[in-house]
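These numbers come from the heavy atoms of this one structure, side chains and all, not from hydrogens, waters or symmetry mates.
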Amino acid sequence: MLAVALRTAVVLSLLTTATHVLMLFLHVAPANSVSNRFGPQINAWVYPLFEQNWRLFAPEPDSVNRRILARTAQTTPGGPVRVSAWSDLSAVDNSAVRHNAFPSHTAQNLLRRAWTSYVETHGGDDGADSERAVMMQTYLRNIAVDRVKAHTEANTIDFIQLRVLTKPIAAPGAAAGHRPPGPPDERLLPWWKVTSP
């Protein structure tokens, strides 16, 4: 019985690995009839966790400092809604990276890349007009909920709202140093319903 279970686990692992390698190959390969025909299935496998790009070899450093804050709302048994204070998710990530010789990739980039992908799919408004936009909104919401739950005593969260403060990084040089810093741009996202996993 144990040998059958072990063989089954090995076969499933090999099939999953082969499927993963094939999907990534079709994603990065030049357009062909297979990738054209199965494009939605390939993208569903790759995005957002296995996205491939060339930024490792030609990184684009951020030209802005961005703070992503979150607050939650819970419905109390009596009926009124209790809203939490803003929690700085970017500060938590920054503290996990600072003074760490081997910082985690998720601490460095997960929240930042989720926000960048959200903006790419939503633009200036918060309407999700494609499946990818809905997926990126869900992805960003889930990351924020996980981060809030990990660093607060919030047991149940009914709604979450994000606020993003963006401030340009001053260009190096004397001229930039004499200008007073302007106020950060603020983007307040709508309240999102939190679904149980």
Residues R112 and D93 bridged, charged N to O under 4.0 Å = no
May I ask you to decide if [Y]'s main-chain N or O and [X]'s side chain share a donor-acceptor pair within less than 3.5 Å?
X: S35; Y: N32; result: yes
X: R132; Y: Y47; result: no
X: S90; Y: I68; result: yes

Using a 4.5 Å cut-off on heavy atoms from C-beta on, say whether the side chain of [Y] contacts that of [X].
X: L24; Y: V46; answer: yes
X: R141; Y: I160; answer: yes
X: E131; Y: N43; answer: no
X: V164; Y: W115; answer: yes
X: L188; Y: Q161; answer: yes
X: T72; Y: R82; answer: no
X: I157; Y: V148; answer: yes

Same hydrophobic cluster for [X] and [Y], using side-chain heavy-atom links shorter than 4.5 Å among ILVMFWY?
X: V134; Y: L140; value: no
X: L69; Y: V119; value: no
X: L89; Y: L165; value: no
X: Y118; Y: L110; value: yes
X: F159; Y: W192; value: no

CD/E186: more than 12 non-hydrogen atoms of other groups inside 6.0 Å | yes
When rounded to the nearest 0.5 angstrom, what distance separates [atom1] in [X] from [atom2] in [Y]?
X: T138; Y: I143; atom1: OG1; atom2: CD1; answer: 11.0 Å
X: E120; Y: M136; atom1: CD; atom2: CE; answer: 8.0 Å
X: M135; Y: S117; atom1: CE; atom2: OG; answer: 8.5 Å

Sub-6.0 Å ring centroid separation between F25 and H20 = no
Run the numbers on Y139 and R113 for side chain to side chain contact (heavy atoms under 4.5 Å, CB included), then give the verdict.
-> CA-CA 11 Å; Y139 182 57; R113 287 289 297 135; over 6 Å; no
Kindly determine whether L26 and F38 satisfy side chain to side chain contact (heavy atoms under 4.5 Å, CB included), including the steps that lead there.
-> CA-CA 9 Å; L26 290 173; F38 297 104; over 6 Å; no
Here the pair of heavy atoms bringing L162 nearest to W86 is C-CZ3, 4.1 Å
Heavy-atom closest pair (H122 atom, Q137 atom, distance to 0.1 Å) is NE2-OE1, 3.4 Å
Residues K167, V64; criterion side chain to side chain contact (heavy atoms under 4.5 Å, CB included); working and verdict | CA-CA 5 Å; K167 189 168 191 166; V64 295; over 6 Å; no
Is a side-chain donor-acceptor pair under 3.5 Å present for N36 with S33?
-> no
Can you find a side-chain donor-acceptor pair between D158 and T75 that sits under 3.5 Å?
-> yes
Testing V92, N142, L111 for side-chain contact (heavy atoms from CB on, under 4.5 Å) with R147, which one passes?
-> L111
Worked verdict on Q74 versus V81 for side chain to side chain contact (heavy atoms under 4.5 Å, CB included) = CA-CA 6 Å; Q74 297 90 21; V81 175; over 6 Å; no
